[in-house]
2 protein chains.
Amino acid sequence: MPLTLEDIAKVAGVSRSTVSRVINGDENVNAATRAKVDEVLKRLNFQPNIAARSLAAGRTGIVGLVIPAGVNTIFTDPYFPQLIQAVTTTCNANDYSVMLWLAEPTYERRTIRQILHGGLLDGVIVSSMLVDDPIVQALYDSHKPFVLIGRHPTLDVNYVDVDNVYGARQATQHLLQLGRRRVGTITGPRNMIAGIDRYQGYREALRCFNQSCSDELVVEGDFSEKSGYRGMQQLLLHRPDAVFVATDTMAMGAMRALRERNLRVPDDIAVVGYDDGPAATQLEPPLTTIRQFTTKLGVAAMENLMEIIRNPGSGSRHQVLQPELVIRVSCGSPIS
Amino acid sequence: MPLTLEDIAKVAGVSRSTVSRVINGDENVNAATRAKVDEVLKRLNFQPNIAARSLAAGRTGIVGLVIPAGVNTIFTDPYFPQLIQAVTTTCNANDYSVMLWLAEPTYERRTIRQILHGGLLDGVIVSSMLVDDPIVQALYDSHKPFVLIGRHPTLDVNYVDVDNVYGARQATQHLLQLGRRRVGTITGPRNMIAGIDRYQGYREALRCFNQSCSDELVVEGDFSEKSGYRGMQQLLLHRPDAVFVATDTMAMGAMRALRERNLRVPDDIAVVGYDDGPAATQLEPPLTTIRQFTTKLGVAAMENLMEIIRNPGSGSRHQVLQPELVIRVSCGSPIS
DNA sequence: ATGATTGTTGGGAGCGCTCCCAATAAAGCA
DNA sequence: TGCTTTATTGGGAGCGCTCCCAACAATCAT
């Protein structure tokens, strides 16, 4: 049978309240008393009952991390592991526990209700992917503290994000500066913010160089390796001399397609990826890509969330990180 | 402010107790009353407070899924995603929620304590990898219901497992039956049960064919792609004509090494993997491997756990699934 | 020395739920 | 008809914790 505060109190010769104070770091405890209680606490390996605390105090020390994507996506793309890692680590460092929801985009209503109204979570981090994810709206309507990873197109919510438009612009400009003139792109899905923003950055870069954006050089992918492969095949019909691929994973597929056609990278065609995941360095040749500090993103999200939990009702918080171009081999040197 | 039982009761014109009965499916409620309460419940979108239920009833409807491996391993190996998927789905189908712990093998004590004594979990599933994982011992000492995925070498605990010895024997025998005579292996780590068992199966197969097991044809890997690559390079020094690789992921690495040396699969060297993950079909040539029904494993684990939760104190339960050989191209046809 | 202040502690109330028992109404039986 | 049985319902107790307030002792200023 698990111990209770009262048990500890009896052993330490103090009251329930005092033990509670010690556990929660209340200032108003005599140093000697605190030492004594601490000793008993440690000796009996006491762990307070989370449910009881939740009920009494209205907080649990648990935050939810909701990743609305199929398990396959989550574990294929190196982005999510890094994110999960970062959030988990930050949580633990701050005495929070994480509850991880890997949800298919079509939630059961029950799941959402549980997340929102079960009373178990102090706050929620959502790695929002879809433009119109129902859970975001639901969180917005509830008053539970939450932070989005990735900006939201319409709602004014707390979020942290990397500047996808900027990153994509950097990538595309890099290709243009090297003298490439038929720069294609394999985009992400158009119902995901990141997909839209990166495409936007691509177009802005073209405009900077007074290039028109011809539809034949734009293919929509879905972030998977296979869609990169297919996308590249399609693109090749229109003889691009460079491609901006909206994900390293898709870039892998794209390069597989090029290899099959015996096209050389970067000589025949230059490739830029996006993410700077582990694959980037393993590819042949190593991939020039956009580094987006996924870890920082996760940490920032959690820090914001904790701030919101501590201090609710303050205005909505936005934090945008700048990604940076990592130059490797896949774009080669300037073409004269 | 979230609703309470009392709120619902007031609206429905009944008592708190009756509402509770309806929610928990108690038989002793008049049909008309139940309908009325159900209607209110649905209309107001009521969700009982988990903490309060936990405190009063001693159950939460939450189970923990503990995966004691680095995040990198977890997301590299296709085994875990499938497992997580299976457990999560089964949970949801049975009105349980999952709390996922991705823990580095060296747990903080705090984490373990929380898992065990926080009182939040009705039960725990541990995907035990390491032979002497501290959390298994801790769970064993506590009296919390738990199920291991993967047998335990010494403790008599509830587990579900696939027969790794059998699977590895099948794989190796397949190579031997095709006439290969210098069959090497890249094993898993020796501190993981699965690694040990598969190596054991390999040796048993050799013994069946009256082959001695020469140390030079055995290399230890760590389940990673890279270790497969390295292992193969090492193995090649001793001219094997076939390899049993204890993981598809490692097999990928092994085949990369072979490609680099311009060795043909299966002509020059035959390869069998283990897992039948998505990579198996994508490899060139498609990989003959052992299918181990990871999904079934996850489902079985959860079903056992629920049974144990419902019915504690029954003897320990063991369930072992048989894996099967999936023949593709990487072993070729019999050698005359 | 007296009243006010500060530091420290103990105990009551109550969070929202489940479980149990008692109360009531309805039905069955002699 | 009177009494037992059954079906249905309501309310008290209590799960383990936090929060609040009151109690007390020790210290301070006057």
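What's counted below: heavy atoms across the whole structure, side chains too, no hydrogens, waters or symmetry copies. Proteins get letters first, then strands, A, B, ... in listed order; numbering begins at 1 in each. On a predicted model such as this, the values are computed, not experimentally measured, just so you know.
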Taking only N/O atoms, report every protein-nucleotides 4-10 of chain D pair under 3.5 Å with atom names and distance.
unit_1	atom_1	unit_2	atom_2	d
D/dT9	OP1	B/Thr33	OG1	2.3
D/dT9	OP2	B/Asn30	N	3.0
D/dG10	OP2	B/Ser15	N	2.8
D/dG10	OP2	B/Ser15	OG	3.0
D/dG10	OP2	B/Thr18	OG1	2.9
D/dG10	N7	B/Arg21	NH2	3.4
D/dG10	O6	B/Arg21	NH2	2.6

- A/Arg34 meets the salt bridge (Lys or Arg N to Asp or Glu O under 4.0 Å) criterion, sequence neighbours left out, with none
- Check side-chain hydrogen bond (donor to acceptor under 3.5 Å, both in side chains) between A/Thr60 and all other residues, then give those that pass, not counting sequence neighbours. A/Asp122
- Task: List in chain and number order the residues that pass side chain to side chain contact (heavy atoms under 4.5 Å, CB included) with A/Thr294, two or more places apart in sequence or in another chain; answer none if no residue qualifies.
- Result: A/Tyr79, A/Gln82, A/Leu83, A/Gln292
- Note on the structure: Computed from five pairs at either end and rounded to 10 degrees, the angle between the axes of the helix from C/dA1-D/dT30 to C/dA30-D/dT1 is 50°
- Message: List the residues meeting side chain to side chain contact (heavy atoms under 4.5 Å, CB included) with A/His318, not counting sequence neighbours, and say none if there are none.
- Response: A/Asp156, A/Tyr159, A/Ser316
Taking only distance into account, with no hydrogens and no angle test, what donor-acceptor pairs under 3.5 Å do side-chain atoms of residues 295-309 of chain A form with protein atoms, sequence neighbours excluded?
unit_1	atom_1	unit_2	atom_2	d
A/Asn304	OD1	A/Arg317	NE	2.9
A/Asn304	OD1	A/Arg317	NH2	3.4
A/Asn304	ND2	A/Ala300	O	2.8
A/Asn304	ND2	A/Gln319	OE1	2.8

Give the table of side-chain donor-acceptor pairs shorter than 3.5 Å for residues 2-15 of chain A, with sequence neighbours excluded, one pair per line with atom names and distance.
unit_1	atom_1	unit_2	atom_2	d
A/Thr4	OG1	A/Glu6	N	3.2
A/Thr4	OG1	A/Asp7	N	3.3
A/Thr4	OG1	A/Asp7	OD2	3.3
A/Glu6	OE1	A/Arg16	NE	3.3
A/Asp7	OD2	A/Thr4	N	2.8
A/Ser15	OG	A/Ser17	N	3.3
A/Ser15	OG	A/Thr18	N	3.3
A/Ser15	OG	A/Thr18	OG1	3.3

- Item | Residue list, side-chain hydrogen bond (donor to acceptor under 3.5 Å, both in side chains) with A/Arg43, at least two apart or on another chain | A/Glu39
- Task: Over all heavy atoms of both residues, which pair between B/Ala52 and B/Asn49 is shortest? Give the atoms and the distance, please.
- Result: N-OD1, 2.9 Å
- Partners passing side-chain hydrogen bond (donor to acceptor under 3.5 Å, both in side chains) against B/Asn311 (at least two apart in sequence or in another chain): none
- side chain to side chain contact (heavy atoms under 4.5 Å, CB included) filter on B/Leu65, not counting sequence neighbours, yields B/Ile67, B/Ile84, B/Val87, B/Val98, B/Leu100, B/Ile125
- Message: At a heavy-atom distance below 4.0 Å, which nucleotide of DNA chain C is the first touched by chain B, and which is the last?
- Response: C/dG16 to C/dC20
